[in-house]
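Data block below; observations after.
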Amino acid sequence: MGFEMMAAGVAYHLCFLLLVTQVQGSNFDVKAYGAKANGMTDDSKAINSAWKDACAAKEASTVVIAKGNYMVGPLKFEGPCTAPVTVKVQGTLKAPADPKRLRDDWVAFRNVEGLTVSGGGIFDGQGAIAWSVNNCAKTGKCNSLPTNLQFTKLTNSKIEGITSLNSKLFHMNILNCNNVTFQNIVINAPKNSLNTDGIHIGRSTMVNITGATIKTGDDCVSLGDGCQQINVEKVTCGPGHGISIGSLGRYHDEQPVIGVTVRNCTLTNTENGVRIKTWPASPSGVASNVNFEDIIMNNVSNPILIDQEYCPYNNCLAKVPSRVKISDVRFEGIRGTSATQVAVKIVCSRGLPCQNVFVEDINLVYNGKEGSSTSLCANVKPQVSGKVFPATCTPSA
Ligand SMILES: *[C@@H]1O[C@H](CO)[C@@H](O)[C@H](O)[C@H]1NC(C)=O
Ligand SMILES: *[C@@H]1O[C@H](CO)[C@@H](O)[C@H](O)[C@H]1NC(C)=O
Ligand SMILES: *[C@@H]1O[C@H](CO)[C@@H](O)[C@H](O)[C@H]1NC(C)=O
Ligand SMILES: *[C@@H]1O[C@H](CO)[C@@H](O)[C@H](O)[C@H]1NC(C)=O
């Protein structure tokens, strides 16, 4: 028995040693590459070099950004890599506050299969100066400001437990990705920060956002054209502009949006709840198979909204109907309070009325001098079931 225990002990130690050696062998600590983490020295080079080596490693590897403050300019985590790579961010990364010191994105992950980003770290965009010089609304051009975190062409990847603070423009921009999960994400910027969308997804398939707390100055989660099989769940929004599909129909050659589920989310004090917006006078487009279900609204200004006459700053031909076709949309189990009297607004295109809109189990309360909540509908005949308040698109509503 003594011998057995000893043998087991030796085996255990051997195992442990092997494990440790393997983990160390595949760890790329940015401090070993010269990162100072003192909040002053530019650590970009060290981090970019650690990534290059990790990405070229033959076995799975980890870039470690341990606790500390790292001042960094543009970071490029670019593949293809030889094996899966994890970027474990435990520290706080800070962008230069002056937007002129960044050309495009601040931190970009690109063209990687099997990427994991984890560690509970913080990406601080230090956006205050950028917001004060932002004139996108006037010029329509926002390209000169950097996104905090850009994810392009990632496949089979997972981004979990990271925080994005005070981005200069979008916090997280997901483009051309396939099968990527974003789990337990935190996003934080003030209500009045311009164009700081929380998570924007475009031209991607199988993106799963599960668990996020998003406080920001623009859309909480927004989906652009070409999104398919997108799942958004357990997201808490507010302040901000809510969860949005679109705007669609602004450009030619937009790809269809098909298969979106937004479920089990809570929105508080946002400008909109769940919405689909398309431009008038648009090229043709498609948004179909969209489900909004189990959503709590707390003092939300436009809790349920389809707006096919979306025309901010009046720079469009508002009289010409949108040619984006909206079909198979379900609003189910949406409850709470509206900050405006019109709690449900479904205004579809005169040229292409919405088809197969389902409205089920809605309870949106408004307490104002004007009376209780109402709905407003155009070019849509939804199928209503369960208890729906306010009465939606009935002839008397
Ligand atoms: C999606 O990616 C995960 C890794 O994050 C992987 O385990 C899973 O098999 C992938 N699914 C498909 C359908 O490729
Ligand atoms: C999204 O990810 C969560 C957590 O991994 C998982 O439980 C859920 O099934 C996923 N949803 C979809 C639609 O892939
Ligand atoms: C989300 O799901 C959890 C667990 O089922 C539940 O406790 C919570 O009330 C749900 N929230 C919403 C907004 O539906
Ligand atoms: C409700 O929303 C309105 C409009 O956004 C806002 O003015 C008001 O302060 C909010 N009320 C509460 C109790 O947060």
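Indexing begins at 1, ligand by ligand and atom by atom, following the structure's order.
Atom numbering of ligand 2 starts at 1 in the shown order; those under 4.0 Å from a heavy atom of Thr210 are 1 (C), 2 (O), 3 (C), 4 (C). The atoms of ligand 3 that sit less than 4.0 Å from any heavy atom of Arg335 are 12 (C), 14 (O). Numbered from 1 in the order shown, with element, the atoms of ligand 3 that lie under 4.0 Å from a heavy atom of Asp294 read 12 (C), 13 (C), 14 (O).
For atom 13 (C) of ligand 3, the choice among Leu267, Val235, Ile296 with the nearest heavy atom turns out to be Ile296. Of the listed residues (Asn231, Val232, Asn208, Val207), the one carrying the non-hydrogen atom nearest atom 3 (C) of ligand 2 is Asn208.
With respect to Arg110 and Asp105, no salt bridge is recorded, no charged nitrogen being found less than 4.0 Å from a carboxylate O.
Using a 4.5 Å heavy-atom cutoff, the side chains of Asp225 and Tyr251 are not in contact. Between Val260 and Ile245 there is a side-chain heavy-atom pair separated by less than 4.5 Å.
The SG atoms of Cys265 and Cys237 lie 2.5 Å or more from each other.
For Gln90, the side chain to side chain contact (heavy atoms under 4.5 Å, CB included) test picks out Val64, Ala66, Lys67, Lys88, with sequence neighbours left out.
Contact annotation for atom 5 (O) of ligand 3: protein absent (non-hydrogen atoms, distance under 4.0 Å). In this structure, atom 9 (O) of ligand 2 has no protein heavy-atom contact shorter than 4.0 Å.
Atom OG1 of Thr152 is separated from atom CG of Asn173 by 7.0 Å, given to the nearest 0.5 angstrom. Atoms OG and NZ, from Ser26 and Lys58 in turn, are 14.0 Å apart once rounded to the nearest 0.5 Å.
Among all protein heavy atoms, the one lying closest to atom 1 (C) of ligand 3 is Asn264 ND2, 1.7 Å. Of the protein's non-hydrogen atoms, Asn269 OD1, 3.3 Å is the one closest to atom 14 (O) of ligand 4. Looking at atom 2 (O) of ligand 4, its nearest protein heavy atom turns out to be Asn299 ND2, 2.4 Å. What sits closest to atom 7 (O) of ligand 2 on the protein, heavy atoms only, is Glu233 OE2, 4.7 Å.
Cys265 counts as a contact of ligand 3, since one of its heavy atoms falls under 4.0 Å from the ligand.
The shortest heavy-atom contact between Ser164 and Asn148 is OG-ND2, 2.9 Å.
Taking only nitrogen or oxygen atoms, main chain and side chain alike, Thr266 does not reach within less than 3.5 Å of ligand 3.
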side-chain hydrogen bond (donor to acceptor under 3.5 Å, both in side chains) evaluation trace for Trp279 with Ser247: CA-CA 7 Å; Trp279 291 75; Ser247 56; 3.0 Å; yes
